[in-house]
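Just the heavy atoms: all of them, side chains too, but no hydrogens, waters or symmetry mates, feed the values below.
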Amino acid sequence: MIKLKDLLTEKKVELYFRDELKNKPISRSGYSEVNGQMRHLEFGIKDLKKSIRKQNDALTIDNIQYIILKAFQMKEILEKK
């Protein structure tokens, strides 16, 4: 069951990303740096799939947190470029 609090938090993250970067062009170096972070993100997703398959609560939460942090790192890269 999805709680209202969770939906509001998801909406805040969505709006945070969309509004901040909506009209800002991405430079070549920005794409390059984000691509580098994407490789780390791919490993995080792979690890998340494993932890879900094994139903390991702690690792699943850790992997989700890692993916969220990588997403925010990529956003910071785009803001600086």
Side-chain angles (χ1 to χ4, degrees):
M1 186 168 135
I2 298 175
K3 297 178 182 178
L4 180 58
K5 178 183 172 188
D6 295 335
L7 286 175
L8 292 175
T9 302
E10 288 176 21
K11 191 68 173 174
K12 286 179 187 175
V13 170
E14 177 187 328
L15 291 174
Y16 177 75
F17 275 84
R18 185 178 57 203
D19 291 343
E20 294 286 322
L21 298 170
K22 187 162 80 171
N23 295 319
K24 191 172 183 180
I26 301 172
S27 67
R28 290 182 88 151
S29 64
Y31 273 112
S32 178
E33 288 186 47
V34 168
N35 186 48
Q37 292 300 315
M38 179 70 149
R39 292 185 185 118
H40 296 286
L41 189 58
E42 289 170 344
F43 290 121
I45 292 170
K46 184 177 176 182
D47 289 343
L48 176 60
K49 286 180 180 180
K50 286 180 190 176
S51 65
I52 290 172
R53 194 171 44 248
K54 293 179 181 180
Q55 296 185 355
N56 184 321
D57 295 352
L59 280 178
T60 298
I61 292 168
D62 288 349
N63 288 320
I64 291 169
Q65 182 67 31
Y66 179 79
I67 291 167
I68 291 168
L69 289 173
K70 279 293 164 196
F72 277 99
Q73 285 177 346
M74 288 189 276
K75 180 184 181 291
E76 287 175 6
I77 288 168
L78 296 179
E79 287 174 335
K80 292 177 185 176
K81 298 294 172 183

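- Contact annotation: the side chain of R53 approaches that of K50 to within less than 4.5 Å [non-hydrogen atoms, C-beta and beyond].
- Residues in residues 61-74 take part in these side chain to side chain donor-acceptor pair (under 3.5 Å) pairs, two or more places apart or across chains: Q37-K70, S51-N63, K70-Q73.
- Residues I45 and M38 share a single hydrophobic cluster, defined by chaining ILVMFWY side chains whose heavy atoms lie under 4.5 Å apart.
- The 12-atom threshold is exceeded at CG of N35, counting heavy atoms of other residues, nucleotides or ligands nearer than 6.0 Å.
- Here the straight-line distance linking atom NE2 of H40 with atom CZ of F43 works out to 8.0 Å at 0.5 Å rounding.
- A side-chain donor-acceptor contact under 3.5 Å links T60 to the backbone of N56.
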V34 and L78: CA distance, side-chain angles, deciding distance, side-chain contact (heavy atoms from CB on, under 4.5 Å) verdict:
CA-CA 8 Å; V34 168; L78 296 179; 3.6 Å; yes
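- Annotation: side chain of M74 is in contact with side chain of L41 (closest heavy-atom distance under 4.5 Å).
- Here the CD1 atom belonging to I64 is positioned 6.0 Å from the CD1 atom belonging to I52, to the nearest 0.5 angstrom.
- I67 and I61 are members of different hydrophobic clusters when ILVMFWY side chains are connected at heavy-atom separations under 4.5 Å.
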